[in-house]
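For reference, the structure discussed in these notes is given below.
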Amino acid sequence: MTSGDAAEPGDVPRPAFGDDIESVLIDGPQIQARLRELAAQITDDYAGERLLLVGVLKGAFMVMADLARYLELPVEVDFMAVSSYGSSTKTSGVVRILKDLERDIAGRHILVVEDIVDSGLTLKYLLRNLAARGPKSLEVLALLAKPSSARPELRVRYQGFEVPDVFVVGYGLDYAERYRNLDCIATLAPAVYSS
């Protein structure tokens, strides 16, 4: 785009990451189409109810924002920040709450919005923590899930896509706090991890 060109409404420049991206697994239009489908299902499932979306920061912020816009029912939002990764590509095995909810969820319909279910450790901890607070219902939406996360005790009611057991970035997911602003889900070139 030249300096004289006007940007279209909603146009967001795609970040230039050069050779950092090895492959795109799910492109932006696919993500948006799937979120619209999930939002339609959630709208039907919670018709006439008050729904509180609980976004798990930082990764779910993009999923949560787009999902909320596609829902055709009044929703409230709140956020938790939970960590089990640090700056590596493997879970540390220790889950910490970095930011808790700002409101009481007792008697409320809660939909936890996750970016990815990887080992399942963080989600299992989070669901146990939230269930102890007495919600009326507690369900999960995850944009992504890995085959290794399939566990009977982890019920993800709304799932976007299954991705292979590889480290992925984009659409909120990061590596060392980078790549969150990609509009797609991608894998990184091996050279990125060694730099």
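The chain is numbered in sequence order, starting from 1.
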Exercise: identify the closest heavy-atom pair between [X] and [Y]:
X: Leu182; Y: Met62; value: O-CE, 4.2 Å
X: Ala60; Y: Val113; value: CB-O, 3.3 Å
X: Leu35; Y: Asp66; value: CD1-CB, 3.8 Å
X: Ala131; Y: Pro135; value: O-CD, 3.6 Å
X: Leu127; Y: Leu138; value: O-CD2, 3.7 Å
X: Ser137; Y: His109; value: OG-ND1, 2.6 Å

Residues 18-32 vs salt bridge (charged side-chain N to carboxylate O under 4.0 Å, His left out), sequence neighbours excluded, gives Asp20-Arg178
At what distance, to the nearest 0.5 angstrom, does [atom1] of [X] lie from [atom2] of [Y]?
X: Leu25; Y: Cys184; atom1: CG; atom2: SG; result: 8.5 Å
X: Arg69; Y: Arg36; atom1: CZ; atom2: CZ; result: 10.0 Å
X: Asn181; Y: Tyr179; atom1: CG; atom2: OH; result: 10.5 Å
X: Ile185; Y: Ile31; atom1: CD1; atom2: CD1; result: 4.5 Å
X: Glu49; Y: Lys136; atom1: CD; atom2: NZ; result: 5.0 Å
X: Tyr46; Y: Leu111; atom1: OH; atom2: CG; result: 5.5 Å

Mind running side-chain contact (heavy atoms from CB on, under 4.5 Å) on Glu102 and Phe79 for me, showing each step along the way?
CA-CA 8 Å; Glu102 295 178 3; Phe79 296 92; over 6 Å; no
With side chains defined as the heavy atoms from C-beta onward, is the minimum distance between [X] and [Y] less than 4.5 Å?
X: Ile110; Y: Leu53; answer: no
X: Pro147; Y: Glu162; answer: yes
X: Leu141; Y: Glu114; answer: no
X: Val140; Y: Arg157; answer: no
X: Thr43; Y: Tyr70; answer: no
X: Val56; Y: Leu126; answer: yes
X: Gln30; Y: Arg34; answer: no
X: Met80; Y: Val54; answer: yes

Sidechain N-carboxylate O distance under 4.0 Å for [X], [Y]:
X: Arg133; Y: Asp100; result: yes
X: Asp174; Y: Arg180; result: yes
X: Arg50; Y: Glu76; result: yes
X: Asp115; Y: Lys58; result: no

Holding to ring-ring contact (aromatic ring centres under 6.0 Å, His included), I want the full list of residues that pass it with Tyr158, two or more places apart in sequence or in another chain.
none
State which residues pass ring-ring contact (aromatic ring centres under 6.0 Å, His included) with Phe61; sequence neighbours excluded, sorted by chain then number.
none
Step-by-step salt bridge (charged side-chain N to carboxylate O under 4.0 Å, His left out) determination, Asp165 to Lys146:
CA-CA 6 Å; Asp165 283 317; Lys146 293 186 177 180; 5.4 Å; no
Before you tell me yes or no, could you show the steps for Leu101 and Leu130 under side-chain contact (heavy atoms from CB on, under 4.5 Å), namely the whole-Å CA-CA distance, both residues' side-chain angles and the distance that decides it to 0.1 Å?
CA-CA 10 Å; Leu101 296 175; Leu130 293 175; 3.8 Å; yes
CD/Glu72: more than 12 non-hydrogen atoms of other groups inside 6.0 Å:
no
Determine whether Val192 and Ile21 satisfy the following criterion, side-chain contact (heavy atoms from CB on, under 4.5 Å), listing intermediate values before the conclusion.
CA-CA 9 Å; Val192 174; Ile21 304 304; over 6 Å; no
Take Leu52 and Val77, measure what side-chain contact (heavy atoms from CB on, under 4.5 Å) needs, and give me the verdict at the end.
CA-CA 6 Å; Leu52 175 63; Val77 299; 5.5 Å; no
